[in-house]
Number of protein chains: 2
Amino acid sequence: MGTSERKAKEKEEIKTLILNAAKKLFVKKGIDQVTIRKIAEEIEYSVGTVYVYFRDKNDILHELHTQGFGHLGGAMRILNNVSDPMERLKALGRVYLQFAMDNPDMYDLMFNMKAPMDFLESMHKEEWNEGKATFDVLLKNVAQCIQKGHFEGHQLEPLSFVIWSTVHGMCSLHISQRVKGVNLENPDSMMGKAYEEFVTLIDKK
Amino acid sequence: MGTSERKAKEKEEIKTLILNAAKKLFVKKGIDQVTIRKIAEEIEYSVGTVYVYFRDKNDILHELHTQGFGHLGGAMRILNNVSDPMERLKALGRVYLQFAMDNPDMYDLMFNMKAPMDFLESMHKEEWNEGKATFDVLLKNVAQCIQKGHFEGHQLEPLSFVIWSTVHGMCSLHISQRVKGVNLENPDSMMGKAYEEFVTLIDKK
DNA sequence: AAATATAAATGAACAGTGTTCAATAATCCA
DNA sequence: TGGATTATTGAACACTGTTCATTTATATTT
């Protein structure tokens, strides 16, 4: 029967409609302005309709967070053509940093906010596939570095986590306005300079 | 006139009363349960009274955040008896990490949440004294390490920021449930192991 | 084509949030 | 004691996420 097929497609279309409206509000006005009522108004549907297609707000935010990982993943994939693993690792960090600086709200949603993780828990899924996949790229990259003789005396998993933590920490402190708050000498160039320090650190034999 | 003095003291007492109630709710039930109405109920005053003593909720959360820095500062000060700056630096990180693990909500308020920084901005204070003072402890410590010949080829400020970022990043990812999410081999011992990796990293000549 | 069954959309209602402010109560001082 | 000052109140406002009986629209069957 072709009717149910068409219906399923229409359902997907409205889901996309809602998500696009949510994303539009998110990008243009920030996370605070992403409310169910504003989304409904944007797509010219009623509030109740939103709840027909999404179980709750966390569901919507989780979907947006997944979209964010899509973009970050795409930016990271470009670095596949960098053959030297150590160079690729350094470039990976730069891409990650740039993504966070360019999309602070999205980064916050992906790596800080409770909503996406709360949604997973409410679905009884303890697997955070987006995060796992992204971390896996880093993990495999570090593994190749170790194979080439770098990071002697280090353990793969904890080391990868520390590297992630370092770059994430920089992004997080920047986005939460804490970098600005400590009044460093040169706030604008600080992120770049700091990343250079990080590179120097991991380059040591 | 002694009456106005007493009045000023009484005002301070009620401010403390409100803050203690806020902290009680914060520690016991988490940040979501810190509402003006719950605070008012706790101290058996009306909602309006809270707004006589605090300009808004951000004001209260900023005060709590300052208390948190008091505790963290106290824990850090204990390490003054460690003479070797490099050893002190490593211990500093451990104290910082422990504080975050023991008081995740408070850490979140101090280093992640918008409320305290929004309050500063609303008061037209661009100085984040609590953060500056804490970062200064790290900065001075790293300076001593450099003086002793460590961290050759590094710049003091960016390096200190990277060190802060690394430990903060670990705390942040842990608190936001992202560490749990990536499903590492040994989630419980990960934080400790990762910090060991960090120590190994900064110990390299 | 009409009647029935299914699915989709609605929006008022509920319980909660931070914040304000005219009205009330309490205190102080002359 | 009476007037001025200060403290306290709580209803009201504009929001928030979420639910659900009711209505509208579509699809299927007679």
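Hydrogens, waters and symmetry mates play no part in the numbers below; they use all other heavy atoms, side chains included. All values reported here derive from a predicted model rather than from experimental measurement.
- Separating the CG atom of A/Asp32 from the P atom of D/dA14 is a distance of 20 Å, rounded to the nearest angstrom.
- The residue A/Phe54 sits apart from the nucleic acid: no heavy atom pair falls under 4.0 Å.
- The side chain of A/Thr49 places no N or O atom within less than 4.0 Å of a non-bridging phosphate oxygen (OP1 or OP2) of C/dA9.
- When the C1' atom of D/dA7 is taken as reference, atom CD1 of B/Ile18 falls 12 Å away, rounded to whole Å.
- For A/Lys15, the NZ atom counts as densely surrounded, since its 6.0 Å shell holds more than 12 non-hydrogen atoms of other residues, nucleotides or ligands.
- Across all strands shown, A/Ile60 has no heavy atoms under 4.0 Å from either base or sugar-phosphate atoms.
- Under a 3.5 Å cut-off, the side chain of B/Asn103 and the backbone N or O of B/Met106 do not form any donor-acceptor pair.
- Distances were taken from every side-chain heavy atom of A/Val52 (C-beta onward) to each of C/dA9, D/dT16, D/dT8; the shortest belongs to C/dA9.
- When heavy atoms are screened at a 4.0 angstrom cut-off, B/Val34 is found touching the sugar-phosphate backbone but no base atom.
- Across the protein-nucleic acid pair, B/Arg37 atom CZ and D/dT9 atom P stand 15 Å apart, rounded to whole Å.
- Residue B/Ile39 is out of contact with every strand shown, counting any heavy-atom pair closer than 4.0 Å.
- Regarding A/Lys9, its NZ atom lies at a distance of 20 Å from the C1' atom of C/dA8, rounded to whole Å.
- Closest to the side chain of A/Thr35, out of C/dA9, D/dG17, C/dG18, is D/dG17.
- Here D/dT8 presents its P atom at 5 Å from OH of B/Tyr45, a figure rounded to the nearest Å.
- With the nearest nucleotide of DNA chain D identified for both A/Gln33 and A/Arg55, A/Gln33 has the one nearer the 5' end.
- Contact check on A/Lys193 versus A/Glu196 returns no salt bridge, with no Lys/Arg side-chain nitrogen under 4.0 Å from an Asp/Glu carboxylate oxygen.
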